[in-house]
Chemist: 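To start, I am sharing the structure in question, which I have written as structure tokens.
Values reported hereafter were calculated over all heavy atoms of this structure, with side chains retained and with hydrogens, waters and symmetry mates removed. Residue numbers start at 1 and run along the sequence shown. All ligand and atom numbering here is 1-based and tracks the order in the structure. None of these values were measured; they are calculated from a predicted model.
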Amino acid sequence: MVIPRPISGTYRNRKNIASVVLLAILFGLPFVRIAGDPLILLDIPARKFHIFGLTIWPQELHLLHMLLIIAGLSLFFFTALFGRLWCGYACPQTIFTELYDHVGRLFGGSSYGKKAAGRRVWWKVYPAWIILSFLLSFIYLSYFRPFEELAHDLAMFNVFLDGAPAPWAIAFLSLTTFSFVNAAYFRENVCKYVCPYGRFQTALLDQHSPIVSYTLRRGEPRREAHQKVGDHAGDCISCNLCVVVCPTGIDIREGLQVGCLACGLCADACTQVMAKFKKETLIDYRTIKQVDEPTAAVPYIRPRTLIYATLLLVFSTVFGVVLYNRSILHTTVLRDRQLQSLFIADIGYQNGYELHAVNKSKEPLTISVRAADGFELIQPEESYTVAAGELQKIRVIARKRERPPGRFAEPIEFKVQGPDGIQINKSVFSYPEK
Ligand code: SF4
Ligand code: SF4
């Protein structure tokens, strides 16, 4: 397990700002309500996803898919432009691991992270980490369940449902355990061996993408163990500070590695060391091209960034158009399996249907239903009011006097008049065998 040594510097300050802003967003979002609606709530039991004032229903999962594609393309675009910005500054694994380290230092004192730290230190740190894991689980679950309900169930210890552990309680316990084990054991191994993004980063970077690199031609030959500082030709004094501050414990002097998060903390370390010799840092952000040609300019507009930007623009525009033309009413018609297809003397043939109407708006809306010519519709009301954000089921019976010769079934259309026009739902009208 790597516990990096704290270091100050320009990149550390930038990381601190990014972490504070992102943690404030992550911790704050589930608690924000606008006109009573959560800003973000992925309500799986109710099958409604509230995202920044937009409520996505199961019938609109394509919107969620498009949002994910846009998020993925943004990652590609910004990685090509600015390197692994996500890994070093925004990834929850990076930010949370640092949060656990802050708590570790707070409770473990100056021994925290050192080999000398004995059981006495860990006996203080582990309980604090468990409380932090508990708090983080509450935040994670608040994205899936209103926080008031979650807090109430926790306070009342309502952890059983029909005699079995409630799903939320299982999720809560699993997340708490996972957060703790991740901080205490997995840490950098997630970045090095598990995270797929680290694996395909090489495909996203090109020779003009910034990476953190070591200046070989100035640093080498570095000081050997038997040499005094100054008795070596290269500038690197082999102090190892760049390694002990690295959150993944890698030695950037060995070249670009999958485990490098491009956080820049090793650059802060070397800047401090080299400042004592009035020299420039040996480690810093450079493009792959600048590693060989230090004065090479960075062309921000190039084929790769243009392709990613175009795809991002196309998907964002399509998403905007789909969203703009989104109907506030969604209707479907299903066969009512409880009502068999019948023939009734003097009336004719009849089939039962169930109309599902989803009102996606925040206001109640009125709808009416009729069947296409040739069919008579028997229904409880002339028109229906569907409450805001609700699904209403309406059972109707379609009748037809005559059976077309030789037919066992025929298509039937239901026309649903809503606030933004008529929606046509197709189904099948079947005739009994005899
Ligand atoms: S090598 Fe440097 S930039 Fe890469 S993860 Fe370690 S400290 Fe961060
Ligand atoms: S911090 Fe700089 S001087 Fe020290 S080992 Fe790393 S590269 Fe060499």
Chemist: Near Ile250, which atoms of ligand 1 are under 4.0 Å from a heavy atom of that residue?
Modeler: 1 (S)
Chemist: Please, which pairs that meet salt bridge (Lys or Arg N to Asp or Glu O under 4.0 Å) have at least one residue in residues 161-189, sequence neighbours excluded?
Modeler: Asp101-Arg187
Chemist: Taking the six-membered ring of Tyr353, is the NZ or CZ of Arg395 close enough (under 6.0 Å from the centre) and on axis enough (within 45°)?
Modeler: no
Chemist: Taking side chain to side chain contact (heavy atoms under 4.5 Å, CB included) as the test, write out the residues that go with Cys236, two or more places apart.
Modeler: Tyr214, Arg222, Ser238, Arg253, Leu282
Chemist: Counting heavy atoms not belonging to Arg120, are there more than 12 under 6.0 Å from its CZ?
Modeler: no
Chemist: Which is closest to atom 5 (S) of ligand 1 in terms of heavy atoms, Leu261, Val2, Val245, Ile7?
Modeler: Leu261
Chemist: Are Phe107 and Tyr112 close enough that their ring centres sit under 6.0 Å apart?
Modeler: no
Chemist: Would you compute the distance between atom CG of Leu173 and atom CZ of Phe178 and round it to the nearest 0.5 angstrom?
Modeler: 14.0 Å
Chemist: Parallel, tilted or perpendicular for Phe138 and Phe31, by the 30°/60° rule?
Modeler: parallel
Chemist: Under 4.0 Å from any heavy atom of Ile252, which atoms of ligand 1 are there?
Modeler: 1 (S)
Chemist: How close does the nearest protein non-hydrogen atom get to atom 8 (Fe) of ligand 1, and which residue and atom is it?
Modeler: Cys263 SG, 2.3 Å
Chemist: With under 30° as parallel and over 60° as perpendicular, where do the rings of Trp129 and Phe180 fit, or are they tilted in between?
Modeler: perpendicular
Chemist: To check your reading of the model: name the closest protein heavy atom to atom 4 (Fe) of ligand 1, its residue, and the distance in Å.
Modeler: Cys260 SG, 2.4 Å
Chemist: So which protein heavy atom does atom 6 (Fe) of ligand 1 come closest to, and at what separation?
Modeler: Cys246 SG, 2.2 Å
Chemist: Is ligand 1 under 4.0 Å from a heavy atom in the side chain of Ala262, in the backbone, in both, or in neither?
Modeler: backbone
Chemist: Could you state the interatomic distance from CG (Leu391) to CG (Asn359), rounded to the nearest 0.5 Å?
Modeler: 10.5 Å
Chemist: Could you tell me which atoms of ligand 1, counted from 1 in the order shown, lie closer than 4.0 angstrom to a heavy atom of Pro247?
Modeler: 7 (S)
Chemist: List ligand 1 atoms under 4.0 Å from Val212, heavy atoms only on the residue side.
Modeler: 3 (S)
Chemist: Going by the atom numbers of ligand 1, which of them fall below 4.0 Å from some non-hydrogen atom of Gly264?
Modeler: 3 (S), 8 (Fe)
Chemist: What protein N/O/S atoms are there under 2.8 Å from atom 2 (Fe) of ligand 2, waters excluded?
Modeler: Cys270 SG
Chemist: Restricting to ring pair (Phe, Tyr, Trp, His ring centres under 6.0 Å), what partner residues turn up for Trp168, sequence neighbours left out?
Modeler: none
Chemist: For Thr287 and His208, work out which heavy atoms get closest and say how close.
Modeler: CG2-O, 3.2 Å
